[in-house]
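Please read the structure below before turning to the comments.
Lettering follows sequence order; numbering is per chain, from 1. Small disclaimer: the values here were computed from a predicted structure and weren't measured.
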Amino acid sequence: MATEQIAKRELAKAYDPKEVEDKWYRLWKERGYFHEEPDPDREPYCITIPPPNITGSLHMGHALNNTILDAMTRWHRMRGYCTLCLPGTDHAGIATQAVVEKELAREGLTRQELGRERFVERCWQWREQYGTRIYHQFERLGCSYDWERVRFTMDPSYVDAIMEEFRSWYERGLIYRGTRVVNWDVRYQSAVSDIEVITETRPGKLYHFRYPFADDSGHITIATTRPETMLGDTAVAANPNDERYKPLFGKMLRLPLTERRIPLIADNYAKPEFGSGAVKVTPAHDLDDFECGLRHNLPQVVVIGKDGKMTEAAGPRYAGLDRFEARKRIIEDMEALGLLEKIEDYGIQTPISDRSGEIIEPLLSEQWFVDVKPLAAPAIEAVKQDKIRILPERYKAIYLHWMENIRPWCISRQLWWGHRIPIWWTEEGGARRHAFARSREEAVAALGTENVWQDEDVLDTWFSSALWPHATLGWPRQTRDLEYFYPTNLLSTAQEILYLWVARMIMTGLDFIKRPAATTSENDGLLEPDGKTRAIIPFRDVYIHATVLDEHGQRMSKSKGNGIDPIDLIDRYGADATRFSLMQQAGKNQDIKYSEQRTDVAGNFCNKLWNASRFVLMNLDETVTGQLPPEGARTVTDRWILSRLNETIQTVNERLMSYDMDDATRALYQFLWNDFCDWYVEMAKPRLRAEGAERETVQNMLAFVLETTLRLLHPITPFITEEIWQALPHEGESILFAPYPQPNPAWNDPEAEAAMAATIETTRALRNLRAELGIAPSTRLSAAVLAAEPDLRAALTANADLIATLARLNALDLVEQAPSGQTGKWVGTPITGGEVFLEIGEALDLGKELERIEKELAAVAKEIERAETKLQNPNFVQRAKPEIVALERERLAEWQEKRARLEERWRLFGG
RNA sequence: GGGCGAAUAGCUCAGCCGGUAGAGCGCUUCGUUUACACCGAAGAUGUCGGGGGUUCGAGUCCCUCUUCGCCCACCA
């Protein structure tokens with residue numbers, strides 16, 4: 001196949017991304033290019049991709065991230081690393097349960113009607129059917145992931161890892177059962193963790209209620225945004241230093257609408273400056289109140305149930321009402337009792353469940369928690385010591401701050417889809433006991449009775465994804481993959497899951513993966529207190545990519561309908577263009593306003609590459625090897641393009657290394673379009689018309705530079721580069737494994753760069769003259785260059801013919817002195833170190849030419865004035881760095897010379 | 001309430017260690033020159049958000065204000 005391509009040495013006339021991309025992806029995959037076995041003779045490079053939810057389909061954030069991941073993978077593969085990029089998916093507890101429940105609802109069913117077992121079966125069916133759709137989308141994007149190593153967070157081997165994690169933490173007492181106020185999602189009827197709650201300021205009301213003293217000696221006013229919780233109040237608190245309440249502490253109040261008597265207590269939690277200074281305390285429905293309640297031994301009265309409806313404890317008048325219905329009735333009732341003092345408009349900080357969008361109900365309930373403090377300590381150290389690098393650097397501080405203030409992690413979820421908590425219970429004589437067990441048998445053995453049942457809850461999805469890097473590589477088994485590929489190299493992800501996921505992977509990695517210090521390097525992790533083992537980091541670099549927003553800077557969301565579908569972009573512009581445009585915008589920025597115009601531009605770039613390649617290919621003889629011609633054969637332009645290429649190679653490698661993909665992409669764009677196409681290819685044209693050595697040299701140069709550029713571009717635009725590379729003379733079976741270009745100091749050539757700069761300036765000056773005089777490009781003229789400076793003369797000697805061709809002239813002569821006495825035939829304009837002239841025949845309008853010269857003179861005068869002012873400032877001359885002063889003097893001299901030449905022409909034309 | 005980021009041409013964005021403000025798109029004028037009109041050539045376009053400060057010199061460093069965005073936070 002590949003050999004047929006080589007023999008053809010041509011490309012289709014029009015670039016069709018779809019055809020090229022489908023063909024190559026199939027081939028790469030068939031040939032197993034993405035799969036590598038551990039190779040001890042090479043360095044490993046490994047990425048375990050952030051597993052998308054099985055409910056997910058590719059969005060722009062995925063497209064950006066996976067382009068970055070694949071580009072990094074391809075770059076390292078080409079650099080000779082033994083490379084693994086491991087894909088997978090996440091079972092996504094709440095999200096999946098939600099879609100399956102929705103599906104059931106269409107059939108008129110609820111999960112309760114179906115029963116747990118059958119519901120979980122339905123979830124599995126769903127995942128079989130739709131759970132891997134996104135893999136195909138990754139393929140469309142060109143991701144070179146190892147499809148032989150895909151992992152799912154509910155694979156049996158992955159479950160082993162979760163069991164091991166749970167067992168270890170449970171046995172060490174890090175997992176505990178606790179009764180606390182948790183964030184309750186009323187829609188899904190499950191607890192969610194703090195970081196799955198988003199706070200929104202919503203317009204609302206602040207209600208001021210009066211609570212009378214039990215002895216009818218007056219009342220205390222309290223304020224609340226959630227009146228329905230008052231039914232669960234078990235105290236009113238005021239600040240111990242609040243003079244207004246000091247004499248009253250200990251007195252009892254009558255809680256309106258109930259028969260309850262509650263005390264006025266003193267607690268620092270009450271802020272004297274807020275409202276009346278007194279605050280109602282509802283230990284069962286507010287985290288602060290809960291803690292306050294613990295301090296004062298207050299009863300906890302649950303008045304809102306898990307379904308969001310009022311409980312029996314709320315009293316017969318309210319029980320069974322929805323929480324917001326109850327709120328209305330309570331306000332009415334309080335008003336009727338004359339206990340509603342006032343209602344104010346108020347912006348309420350409202351907790352919203354990230355998943356369901358429901359208002360979170362803080363609720364007292366029994367849950368499983370992980371005490372993460374001891375796990376956080378090493379995770380802080382590893383980042384502080386830069387064993388793990390977090391980029392852009394600003395996220396390091398954010399991470400550290402969060403980790404240092406980390407709170408217990410609620411890991412139980414009242415869902416059915418997920419990993420059921422491996423805890424078994426038994427009850428004897430009213431006393432309950434529990435033990436860790438992977439199965440009923442283990443449970444019976446552990447608890448010593450047949451009367452056992454498993455905990456009903458499942459684990460937080462992040463409890464499983466926290467193990468991703470090592471569990472996907474085989475842990476808890478000591479596999480070859482784990483040994484070789486761990487620690488992984490890069491974790492690139494969105495900023496919103498820095499805490500949810502990244503922090504937790506760092507904690508589990510360091511906690512579970514330990515290796516003998518002697519066999520590891522200092523960079524691999526943290527030395528344990530015993531001095532003999534090392535806790536190993538999960539990855540070396542964390543890169544936080546930008547958020548992709550729409551072109552108006554709005555977050556893309558389904559409800560707003562402003563999302564861009566990357567697959568749609570790929571269909572219309574090609575995966576290469578989509579990837580290129582994403583990489584062009586992927587740097588250290590916080591967000592990307594994505595406009596389709598960027599993809600369009602990237603598509604044009606691919607097209608340009610395609611056509612330039614067609615040109616090169618159609619000008620190659622069969623004998624061309626694509627080897628770099630020997631130094632002696634290279635012309636100034638050849639040396640120049642090599643020098644430019646070398647700089648590009650250096651920039652691209654450096655910038656990829658620091659995750660400045662935007663800079664790398666820009667450098668490639670500019671090199672290919674401006675240096676290679678605009679100048680080198682144009683200058684190659686006349687040389688290709690020559691015969692023999694001259695033609696052969698330029699053919700080989702074109703092939704060599706283009707082939708190198710393709711390799712440089714391949715991580716960003718994999719498909720088009722493979723297609724063209726196969727048609728060019730090349731070594732190897734696929735560009736995937738071709739060596740990535742490395743800088744070669746020998747190609748660095750300031751002399752050639754200077755000569756080309758002069759050539760370009762001269763060409764432009766001539767074109768500009770022509771355009772300003774309105775001479776049709778088809779009119780052939782003669783021109784002359786007066787090279788007053790030896791440098792300019794040297795630079796131009798070799799390129800005069802090329803300049804003539806590029807400026808579309810009959811001939812360009814290098815002359816000793818300005819053509820004079822021929823007013824009306826010659827026009828001229830100064831350039832650096834000399835002057836260019838165009839012989840335009842008799843048609844010149846003298847008045848117009850004078851005007852043109854005067855315009856130029858005015859511009860030059862401005863520059864001279866600026867430089868002179870600067871140089872006349874004694875402070876500048878004395879204090880600025882000498883080389884800066886010298887440079888300024890040089891510039892002034894240059895401008896003065898230009899002025900002299902212009903003035904001379906002005907006089908010549910009768911000014 | 002804390003923290004972070006952004007503000008540069010009409011639009012989207014580059015500008016590293018302070019030393020003559022750049023690109024792409026759009027715009028104007030030309031153009032079928034044997035790769036490309038998804039192109040080429042020539043052009044026009046800026047109080048670098050405001051105000052202070054440091055400096056011979058500030059888009060770049062410091063302070064401050066304004067606007068927008070993000071993250072964190074238990075204020076009823």
Side-chain angles (χ1 to χ4, degrees), chain A residues 11 13-15 181 195 199 206-207 222-226 229 237 269-271 273-276 278-282 286-292 346 348-349 362 392 394-395 397-398 401-402 405 495-496 498-499 547 549 551 553-555 573 577 584-585 587-595 597-598 600-601 603-619 662-663 666 669-670 673-674 677-678 681-682 685 688-689 764 767-772 774-778 805-808 863 866-867 870 873-881 883-885 887-888 891:
Chain A
L11 296 171
K13 182 151 187 216
Y15 165 50
V181 170
I195 23 191
T199 313
L206 186 62
Y207 303 90
I222 54 90
T224 180
T225 54
R226 295 190 296 149
T229 61
Y269 151 55
K271 303 276 178 290
E273 63 280 6
F274 190 94
S276 66
V279 57
K280 65 196 266 308
V281 182
T282 325
D286 184 283
L287 185 60
D288 298 313
D289 292 11
F290 171 74
E291 278 160 7
C292 175
Y346 198 72
I348 304 176
Q349 302 283 304
R394 59 178 181 272
Y395 290 109
I398 296 175
H401 179 257
W402 189 79
N405 296 290
Q495 51 177 310
E496 64 257 29
L498 182 59
Y499 311 126
T547 309
L549 308 171
E551 56 188 325
Q554 298 281 310
R555 240 190 155 70
Y573 298 96
Q584 230 179 349
Q585 298 173 85
K588 301 210 186 303
N589 44 343
Q590 183 177 280
D591 40 41
I592 293 172
K593 274 193 249 176
Y594 198 91
S595 127
Q597 190 203 299
R598 306 287 297 234
D600 199 41
V601 167
N604 292 350
F605 175 78
C606 291
N607 196 255
K608 186 79 176 171
L609 172 62
W610 184 266
N611 282 302
S613 304
R614 274 182 60 224
F615 172 81
V616 170
L617 283 163
M618 65 180 61
N619 282 289
D662 50 346
D663 290 340
R666 209 183 344 270
Y669 184 97
Q670 280 169 0
W673 204 306
N674 304 128
C677 291
D678 288 352
V681 166
E682 291 309 316
K685 283 175 182 173
L688 283 167
R689 275 178 234 125
R764 287 202 166 130
R767 284 170 175 171
N768 173 282
L769 265 183
R770 202 190 246 289
E772 288 206 345
I775 298 165
S778 51
T805 311
L806 293 173
R808 304 200 57 67
E863 292 298 332
R866 192 197 50 79
K870 209 167 183 181
N873 178 355
N875 278 326
F876 173 71
V877 180
Q878 280 161 30
R879 301 202 191 186
K881 277 176 275 180
E883 60 268 32
I884 297 294
V885 180
L887 193 69
E888 202 57 47
R891 278 183 195 144

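To the nearest angstrom, P of B:rU12 lies 16 Å from CD of A:Gln584. Put simply, NZ on A:Lys608 is 8 Å from C1' on B:rA35, counting in whole angstrom units. The CZ atom of A:Phe876 sits 16 Å away from the P atom of B:rG18 (whole-angstrom rounding). Between the C1' atom of B:rA41 and the CD atom of A:Glu772 lies a distance of 13 Å, rounded to the nearest Å. Rounded to an integer number of Å, the gap from A:Ile775 CD1 to B:rG31 P is 14 Å. Atom pair A:Asn611:CG and B:rG40:P shows a separation of 10 Å (rounding to whole Å applied). Taking atom CZ on A:Arg598 and atom C1' on B:rA14, their separation rounds to 10 Å, with Å as the unit. A:Gln495 has its CD atom 15 Å from the P atom of B:rC4, to the nearest Å.
Among the atoms of the strands shown, none is found under 4.0 Å from any heavy atom of A:Ser595. Among the heavy atoms of the strands, none lies under 4.0 Å from A:Arg226. When heavy atoms are screened at a 4.0 angstrom cut-off, A:Cys606 is found touching no nucleic acid atom at all. Residue-level contact check: A:Tyr499 touches the backbone only, with heavy atoms under 4.0 Å from sugar-phosphate atoms and none from bases. A:Asp591 comes within 4.0 angstrom of sugar-phosphate atoms only, judged by non-hydrogen atoms across all strands, and of no base. Residue A:Arg689 is classed as a base contact, given a heavy-atom separation below 4.0 Å to a base. Contact annotation for A:Ile884: base contact, defined as any heavy-atom pair under 4.0 Å involving a base atom. Within 4.0 Å of A:Glu863, counting heavy atoms only, lies at least one base atom of the nucleic acid. Using a 4.0 Å heavy-atom cutoff across all strands shown, A:Gln585 reaches no nucleic acid atom at all. Residue A:Ala397 is classed as having no contact, given no heavy-atom separation below 4.0 Å to the nucleic acid.
Remark: side-chain polar atoms of A:Arg555 are not paired, donor with acceptor, to backbone N or O of A:Leu549 under 3.5 angstrom.
Picking from B:rA42, B:rC4, B:rC36 the nucleotide with the shortest atom distance to the side chain of A:Lys13 gives B:rC36. Distances from the side chain of A:Val601 to the nucleotides B:rC25, B:rG19, B:rU33 place B:rC25 closest. Here the side chain of A:Tyr669 is nearest to one of B:rA35, B:rC72, B:rG24, namely B:rG24. Considering only the side chain of A:Asp678, B:rA41 comes nearest among B:rA35, B:rA41, B:rU20. Which of B:rA14, B:rA42, B:rA76 sits closest to the side chain of A:Ala223 comes down to B:rA76. In the set B:rG15, B:rG24, B:rA35, B:rG15 carries the atom at the smallest distance from any side-chain atom of A:Asp663. Between B:rC4, B:rC75, B:rA35, one nucleotide has an atom nearer to the side chain of A:Cys677 than all others, and that is B:rA35. You'll find that the side chain of A:Trp673 is closest to B:rC39, out of B:rC4, B:rA76, B:rC39.
With contacts defined as side-chain heavy-atom distances shorter than 4.5 Å, the pair A:Arg866/A:Glu888 qualifies.
Residue A:Lys593 places at least one side-chain N or O closer than 4.0 Å to OP1 or OP2 of B:rC13. For B:rC72, the OP1/OP2 oxygens have no side-chain nitrogen or oxygen of A:Asn405 closer than 4.0 Å. Between A:Arg808 and B:rU33, a side-chain N or O to OP1/OP2 separation shorter than 4.0 Å is absent. Distances shorter than 4.0 Å separate some side-chain N or O of A:Arg764 from OP1 or OP2 on B:rA42. Dashed line: the shortest gap from a side-chain N or O of A:Asn604 to OP1 or OP2 of B:rC39 is under 4.0 Å. For the OP1/OP2 pair of B:rA42 and a distance below 4.0 Å, the side-chain nitrogens and oxygens of A:Arg767 include at least one atom meeting the criterion. Between A:Lys685 and the phosphate of B:rA35, there is a side-chain N or O to OP1/OP2 separation shorter than 4.0 Å. Proximity of A:Tyr346 to the phosphate of B:rA76: a side-chain N or O atom is located under 4.0 Å from OP1 or OP2.
Along RNA chain B, the nucleotide nearest A:Tyr269 and the nucleotide nearest A:Trp402 are compared for position; the residue whose nucleotide lies closer to the 5' end is A:Trp402. Between A:Gly603 and A:Gln590, the residue anchored nearer the 5' end of RNA chain B, judged by the nucleotide with its closest heavy atom, is A:Gly603.
Of the nucleotides present, B:rG10 is the one that pairs with B:rC25 by Watson-Crick or G-U wobble criteria, both distances under 3.5 Å. Taking a pair to require two hydrogen-bonding distances under 3.5 Å in either a Watson-Crick or a G-U wobble arrangement, B:rC68 pairs with B:rG5. Using N1 to N3 plus N6-O4 or O6-N4 for Watson-Crick, or N1-O2 and O6-N3 for G-U wobble, each under 3.5 Å, B:rC16 pairs with nothing. With a cut-off of 3.5 Å on both Watson-Crick or G-U wobble distances, the partner of B:rU55 is given as none. Partner assigned to B:rG31 is B:rC39, using Watson-Crick or G-U wobble distances below 3.5 angstrom.
At least one cation-pi condition fails for A:Lys608 and A:Tyr669: the charged atom is not both under 6.0 angstrom from the six-membered ring centre and inside a 45 degree cone around its axis.
Between the side chains of A:Asn611 and A:Asn607, a donor-acceptor pair is found at a separation under 3.5 Å.
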**Asked** Step by step, would you call A:Arg891 with A:Glu863 a side chain to side chain contact (heavy atoms under 4.5 Å, CB included)?
**Response** CA-CA 9 Å; A:Arg891 278 183 195 144; A:Glu863 292 298 332; over 6 Å; no

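Spacing of P atoms, B:rU12 relative to B:rG51, comes out at 23 Å, to the nearest Å. Using atom P as the reference point in both B:rG1 and B:rC16, the two lie 33 Å apart (nearest Å).
An anti orientation is assigned to B:rC16, its glycosidic angle lying beyond 90° of 0.
Applying the 3.5 Å distance criterion, the base of B:rA35 shares a donor-acceptor pair with the side chain of A:Glu682.
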